[in-house]
Amino acid sequence: MQQGRNIFSTTTGIILVGAVIGVLAAILQKLGNPGNMGICVACFDRDITGAVGMHRAEVVQYLRPEILGFVLGAFAAALATREFKPRGGSAPLARFVLGMVAMIGALVFLGCPWRTLLRLAGGDGNAILGLAGLTAGVWIGTLFFKQGYSLGRSHGQSIGTGLLMPLLILGLLILRLIYPPVDGEPKSGVLFYSLKGPGASHAPLLISLGIGLFVGFLAQRSRFCTMGALRDLILFRQIHLFTGFAALLLAAWLANLAIGQFNPGFAGQPVAHTQSFWNFSGMFVAGLAFALAGGCPGRQLFMSGEGDADAGIFVLGMITGAAFSHNFGLASSPAGIGPHGMAALIIGLMICLLIGFSNVQRVRA
Amino acid sequence: MSQTVDARGLSCPQPVLIVMERMKEMGSGQIEVIVDNEVSRENVGRAARSKGWQVEDEKREGGDYHLLLRR
């Protein structure tokens, strides 16, 4: 029996999805999200980490509805198309640690692969170094894959296990509704809210959530993945995912031009620093961790919504990494890298190499 | 020549990587690929077609997908 065709996962489909995400990100920025951060999976996960008090960096605490929407939108798409499939058990601890390392690297650069593109689209020249680092990290990841790197097979899990991430996210959304931000108050019930800094910049709840749900749905259907875009290009010379990646960049750039958000330069860019080597290195380590874990941070969220417990573990690793980043002074700020950012990157790279080399095996298929 | 690739439970990019390697080794023939998710089904099909192989048959059995590649 021929399987039904998924128009979103055709090349035309993924180009449209990338373009739609790029435009929506520019609009989210216009409606209140931080500069060149209409959508940033790493930054927004970090803000959620702060919102629940796992770190106390007062300028980055907000329970970002976009992230909640990503998981729930992907969950809805997977249910609607019978692709919801509880699975897991492929080296969960390695994935958790890779999530931590990926987040620590991303916060040295100040952005995930999505924001790398959005920073470029907003004219931030420092993101060129981030993109170069990301590409180099993913390239090293492909070398491991060529040698037979594998975290092993996943296995079917119970419905309950598959539902855990969507339920956890739903729980956060309920908390957000029970404890909405209160003007001038840094805390509402159990949730922390930034009064200044990037955490205080956000689009209205329903718009953020609505766009998050829409993007989650589209990305699940199209398999949009920014790390996969570079990986498949390097590993297979396949441009399929890369066309979506390029479409996001182009569409966000055009949207920024249209609404006056394109400000080319290196100095004074929003939520960015100009230390080129560390911009490169942060995304290099993050890119390697994303590659070894098999997906960019957005894709990991979408897969967690499809019932992939291993992706869910990676997301929880990112949340933990964000907590360490801010509690231990690993994260950068517009002033430059954190006091322990260098040490963290070196350790992160060593951990990636340990996981990479120790999981080179020949999978019998 | 006919071979089977069981890529169930393997995540991206491994199913495609293994199938590509097998196609390269064989040059021509028939490969039955078993994957357990829609994404791998799409990716393996796309990769095969890009290398000049035909996806002759695709069927879903339980939670698995069986693809028959031929060249």
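Every value quoted in this text rests on a predicted model; they were computed, and no experiment measured them. What's counted below: heavy atoms across the whole structure, side chains too, no hydrogens, waters or symmetry copies. In the text below, chain A, chain B and the rest are named by the order of the sequence lines, each starting its count at 1.
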### Message
Below 4.5 Å, heavy-atom pairs only: which of Glu83(A), Lys85(A), Arg223(A) has the largest tally toward chain B?
### Response
Arg223(A)
### Non-hydrogen side-chain atoms of Asp6(B) and Arg153(A) separated by less than 4.5 Å
yes
### Task
Can you establish whether the number of heavy atoms outside Leu68(B) located under 6.0 Å from its atom CG is more than 12?
yes
### Message
Quick one, His240(A) with Glu42(B), criterion side-chain contact (heavy atoms from CB on, under 4.5 Å). Give me CA distance, side-chain angles, the key distance, then yes/no.
### Response
CA-CA 12 Å; His240(A) 173 72; Glu42(B) 291 169 4; over 6 Å; no
### Task
Keeping the roles fixed (side chain from Arg87(A), backbone from Gly9(B)), state whether a donor-acceptor pair exists under 3.5 Å.
no
### Message
Once rounded to the nearest 0.5 Å, what's the spacing between atom CZ of Arg231(A) and atom CG of Leu17(B)?
### Response
9.5 Å
### Query
Using non-hydrogen atoms only, which part of Val33(B) is less than 4.5 Å away from chain A: side chain, backbone, both, or neither?
neither
### Message
Let's test your reading of the structure: which of Arg8(B), Met20(B), Arg46(B) forms the most heavy-atom pairs below 4.5 Å with chain A?
### Response
Arg46(B)
### Task
Measure Arg299(A) against the heavy atoms of chain B and call it side chain, backbone, both or neither at under 4.5 Å.
side chain
### Query
Side chain, backbone, both or neither: which part of Ser90(A) has a non-hydrogen atom closer than 4.5 Å to chain B?
neither
### Query
How many angstroms lie between atom OG of Ser154(A) and atom CG of Asn37(B), to the nearest 0.5 angstrom?
8.0 Å
### Query
What's the shortest heavy-atom distance between Phe145(A) and Gln14(B), and which atoms?
CE2-CG, 4.0 Å
### Task
Measure the NZ-CD distance between Lys51(B) and Gln238(A) for me, rounded to the nearest 0.5 Å.
8.0 Å
### Distance, nearest 0.5 Å, that separates CG of Leu235(A) from SG of Cys12(B)
11.0 Å
